[in-house]
Amino acid sequence: MEAGGVADSFLSGACVLFTLIISDLRHMRMTRSVDSVQFLPFLTTDINNLSWLSYGALKGDGTLIFVNATGAVLQTLYISVYLHYCPRKRPMLLQTATLLGVLVLGFGYFWLLVPSPEARLQQLGLFCSTFTISMYLSPLADLAKVIQTKSTQRLSFSLTIATLLTSASWTLYGFQLRDPYIMVPNVPGILTSFIRLWLFWKYSQGQDRNYPLLQT
């Protein structure tokens, strides 16, 4: 096998492994509750997976298809478990319906109003990139609170490492494919992960080990 083929296989496997490591249901299953567990990260990750699944299908990329199809199934399962244990389901159902409506409208636009496959791929890639960047930058408010309180109780060290490995893997994979839509949006994930690691170094964690740490 050529060196490029070996590198592609390694990066593909790393993207699959580290992306799937992030997902975890243990907290909700152990506590049988959703106390302090945020619903929106599950939902936005599911939408993100479905968007990248469409991009992978249009591009014909097996890694994107497999990882994001698996991720979409898992996130949908997590949403179902969350709704099962959540006492107030109406706000979550409203959020789900809203984002699904936006996703359906987006798919309708890309597949019906953009006839050129090349233009469709570029526009869909831009949409996926923008959505992924917004997901990685959304926890910055929590990082500001960590600095304000001088406590990393709100952060998960294991999740930080998993996010760093995932972002780095996808960045390298995108670089290997020379696909900026895959490479560029994962760079913020690397940067925010290093910021979190710096915060862990600067402030003592001082947190209860049972604290629910499922933020993205």
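Numbers here simply count residues along the sequence, with the first being 1.
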Interatomic distance, [X] atom [atom1] to [Y] atom [atom2] [nearest 0.5 angstrom]:
| X | Y | atom1 | atom2 | result |
| --- | --- | --- | --- | --- |
| Trp170 | Leu165 | CH2 | CG | 14.0 Å |
| Asp61 | Leu53 | CG | CG | 11.0 Å |
| Thr132 | Asn48 | OG1 | CG | 3.5 Å |
| Leu99 | Ile47 | CG | CD1 | 5.5 Å |
| Thr45 | Tyr78 | OG1 | OH | 10.5 Å |
| Ile79 | Leu43 | CD1 | CG | 5.0 Å |

Is the shortest side-chain heavy-atom distance between [X] and [Y] below 4.5 Å?
| X | Y | value |
| --- | --- | --- |
| Met183 | Tyr173 | no |
| Ser51 | Leu103 | yes |
| Asn49 | Val73 | no |
| Tyr55 | Ile182 | yes |
| Asp46 | Leu74 | no |
| Leu124 | Cys128 | yes |

[X] versus [Y], closest heavy-atom pair with distance:
| X | Y | value |
| --- | --- | --- |
| Ser193 | Gly189 | OG-O, 2.7 Å |
| Met135 | Thr44 | SD-O, 3.8 Å |
| Pro185 | Ser129 | CB-O, 3.5 Å |
| Leu50 | Ala72 | CD2-CB, 3.8 Å |
| Arg88 | Met92 | O-SD, 3.3 Å |
| His84 | Lys89 | O-NZ, 4.1 Å |

| Within a radius of less than 6.0 Å around CZ of Phe175, do more than 12 heavy atoms belonging to other residues, nucleotides or ligands occur? |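 Atom CZ in Phe175 is not crowded, with 12 or fewer foreign heavy atoms closer than 6.0 Å.
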| field | Within 6.0 angstrom of Phe194 CZ, more than 12 heavy atoms from elsewhere | value | no
| Donor on one side chain, acceptor on other, Tyr136 and Asn186, under 3.5 Å |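 Distance-only check passes for Tyr136 and Asn186.
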| message | For a quick check under 3.5 Å, do Gln123 and Tyr109 share a side-chain donor-acceptor pair by atom type? | response | yes
| message | Under 4.5 Å between side-chain heavy atoms, counting indirect links through other Ile/Leu/Val/Met/Phe/Trp/Tyr residues: same cluster for Leu191 and Trp198 or not? | response |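 Unlinked, Leu191 and Trp198 end up in two clusters.
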| request: Could you state whether Leu126 and Leu105 fall into the same hydrophobic cluster, counting links through intermediate Ile, Leu, Val, Met, Phe, Trp or Tyr residues with side-chain heavy atoms under 4.5 angstrom apart? | output: no
